[in-house]
> 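So that we are looking at the same thing, I have put the structure below in structure tokens.
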Protein chains: 2
Amino acid sequence: METTHRNEQQRSADQRRRELLEAADRVVLRDGPQASMNAIAAEAGITKPILYRHFGDKSGLYRALAKRHTDALLAALQSALDAPADRRRRVEATLDTYLAAIEARPQVYRFLMHPSEDTGGGQQPEQGFDTGRHSAPVLRRMGEELARVIAQRVDLGPNSEVLARVWGHGIVGMMHAAGDWWLGERPCSREDLVRALADLLWGRLEQVDDKVDGPGF
Amino acid sequence: METTHRNEQQRSADQRRRELLEAADRVVLRDGPQASMNAIAAEAGITKPILYRHFGDKSGLYRALAKRHTDALLAALQSALDAPADRRRRVEATLDTYLAAIEARPQVYRFLMHPSEDTGGGQQPEQGFDTGRHSAPVLRRMGEELARVIAQRVDLGPNSEVLARVWGHGIVGMMHAAGDWWLGERPCSREDLVRALADLLWGRLEQVDDKVDGPGF
DNA sequence: AGACTGCTGTTACCGCTAGTAACACGCCGG
DNA sequence: CCGGCGTGTTACTAGCGGTAACAGCAGTCT
């Protein structure tokens with residue numbers, strides 16, 4: 001029967017794909033985001049063209065690889081965001097979830113934060129200089145998700161949609177940059193960092209007093 | 001005289017270096033951050049080994065190139081940060097300065113935001129997985145500068161130093177992420193974006209009301 | 001049976017990259 | 001005249017992403 005054959009083939013292909021992704025995961029965790037296709041193929045016990053048949057090109061493989069981790073991280077953040085508690089506690093829980101994730105597996109974090117890798121190869125001169133677009137896809141998705149939650153739960157008045165998206169991306173960027181710096185220098189505990197960031201979001205920048213010996217304003 | 005000769009040589013070398021940097025600048029502006037050493041050498045009218053004698057390797061050239069732009073951007077931000085006005089206006093002016101800069105020259109912005117390019121070449125397997133460290137140097141410098149200004153002008157109570165650095169890097173990350181997203185989608189005017197971000201920093205997240213039809217909290 | 005199709009896998013290659021070794025010219029002080 | 005020094009070149013290596021061309025093995029159709 002043809003359909004059965006097709007299904008078996010399809011199942012086998014999907015299974016193969018999963019195996020390849022797991023092998024790629026191991027190599028990326030070991031060698032960092034610049035792991036070569038050759039190394040990944042060797043880890044999977046095969047050769048390069050098979051990888052290319054499955055994923056098209058390197059960025060295809062990396063996108064598939066990133067999607068798994070991104071989905072997992074976003075699910076964790078969603079559950080923190082949906083916890084039954086007041087807003088301050090939910091914000092702190094979300095920050096802590098993100099920071100705990102990057103603390104637990106910095107290599108995965110580093111891989112996820114790499115931007116789209118551009119065109120990589122050397123053929124097309126990529127004539128059209130596309131604007132900005134430096135951030136990693138995971139940050140975009142987190143920003144959009146947070147914007148959705150903000151717009152859904154909070155009354156921001158007119159222009160609420162755009163305002164929510166600004167805040168979503170801004171807060172995600174704040175979390176990311178502070179987390180990246182903290183991960184490199186470890187200047188304080190995770191709890192302290194969470195509290196400091198939540199304080200910042202809670203308007204302490206407005207409330208704190210000027211220093212009396214400051215430069216006059 | 002030997003010293004005269006030496007000085008002339010030195011002056012000439014410095015001038016040459018500046019010429020090379022300007023050529024590299026043109027190529028990076030045209031081809032993006034993945035501009036090749038060959039292309040840069042051709043633009044400068046010379047060949048590769050000279051570039052390598054001047055800058056060591058690609059990341060050396062890129063660091064020298066980035067330093068110029070970073071210094072210029074930081075100087076502009078400093079003057080906005082030092083303007084004689086109240087704190088809210090200074091914050092808005094600083095945000096607007098940054099956003100205007102990335103809006104005016106997105107290619108430069110994109111180049112600056114590229115992280116350290118790792119080891120690039122293929123020699124060392126980079127066995128020791130260094131932690132995080134994804135952010136571009138310009139973001140680190142901006143974060144540290146802002147932290148310095150905050151710690152100097154604002155009274156944050158105990159642990160003020162660490163707190164100021166958290167806020168510095170966090171605010172810079174917020175500005176960067178929101179700016180990157182805005183530059184790609186242009187969902188609103190620059191003034192609107194500045195106001196939205198300043199509002200966020202000014203504690204509106206605390207003040208806004210829950211939506212009455214929200215999921216119950 | 002035999003030809004055909006589709007999938008998996010290989011080897012061998014292309015053009016590109018970063019980076020380097022080795023050699024050639026000019027200019028200056030001894 | 002000659003040995004150093006700085007400037008420049010050509011020609012090369014090793015590795016990368018990506019691909020063409022081919023080999024073997026299933027199952028299907030005539």
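It should be emphasised that the depicted structure is a prediction, and the values quoted were computed from it without experimental measurement. In what follows, chains are A, B, ... by sequence order, proteins preceding strands, each numbered from 1.
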> Provide, to the nearest angstrom, the distance between the OH atom belonging to B:Tyr52 and the P atom belonging to D:dT7.
19 Å
> I want to verify a distance call: between C:dA18, D:dC16, D:dG18, whose nearest atom is closest to the A:Ser36 side chain?
D:dC16
> Specify the separation, in whole Å, of atom CD of A:Gln34 and atom P of D:dG15.
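The distance from CD of A:Gln34 to P of D:dG15 comes to 15 Å, rounded to the nearest Å.
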> Starting at atom CG of A:Leu51, determine the distance to atom C1' of D:dT19, rounded to an integer number of angstrom.
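One finds 14 Å between C1' of D:dT19 and CG of A:Leu51, rounded.
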> For residues A:Ile46 and A:Leu20, determine if any side-chain heavy atom of one lies less than 4.5 Å from a side-chain heavy atom of the other.
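Side chain of A:Ile46 against side chain of A:Leu20, heavy atoms only: contact under 4.5 Å found.
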> Using atom CG of A:Leu20 as one end and atom P of C:dC7 as the other, report the distance to the nearest whole Å.
16 Å
> Go through the steps for B:His169 and A:Asp180 under the test side-chain hydrogen bond (donor to acceptor under 3.5 Å, both in side chains), then give the verdict.
CA-CA 9 Å; B:His169 288 282; A:Asp180 189 80; over 6 Å; no
> Roughly, in whole Å, what's the span from CE in B:Met37 to C1' in C:dC16?
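Computing the B:Met37:CE to C:dC16:C1' distance gives 15 Å.
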> Roughly how far, to the nearest 0.5 Å, is CG of A:Leu193 from CG of A:Leu95?
8.0 Å
> Determine whether the aromatic ring centres of B:Phe111 and B:Tyr62 lie less than 6.0 Å apart.
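Yes.
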> Atom pairs, N/O to N/O, protein against nucleotides 8-10 of chain D, distance under 3.5 Å?
from	atom 1	to	atom 2	distance (Å)
D:dG8	OP1	B:Arg16	NH2	3.3
D:dG8	N7	B:Arg53	NH2	2.3
D:dG8	O6	B:Arg53	NH2	3.2
D:dT9	OP2	B:Thr47	N	3.1
D:dT9	OP2	B:Thr47	OG1	2.4

> Quick one: does B:Arg90's side chain have a donor or acceptor within less than 3.5 Å of a partner on B:Ala85's backbone?
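Yes; judged by distance alone, with no hydrogens or angles, the pair exists.
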> Nearest whole Å is fine: how far is D:dT7 C1' from B:Phe55 CZ?
15 Å
> When rounded to the nearest 0.5 angstrom, what distance separates CH2 in A:Trp167 from CE in B:Met174?
11.0 Å
> When the distance from NZ of A:Lys58 to C1' of D:dT19 is rounded to whole Å, what number comes out?
17 Å
> Quick one: A:Asn38 CG to D:dG17 C1', roughly how many Å, whole number?
9 Å
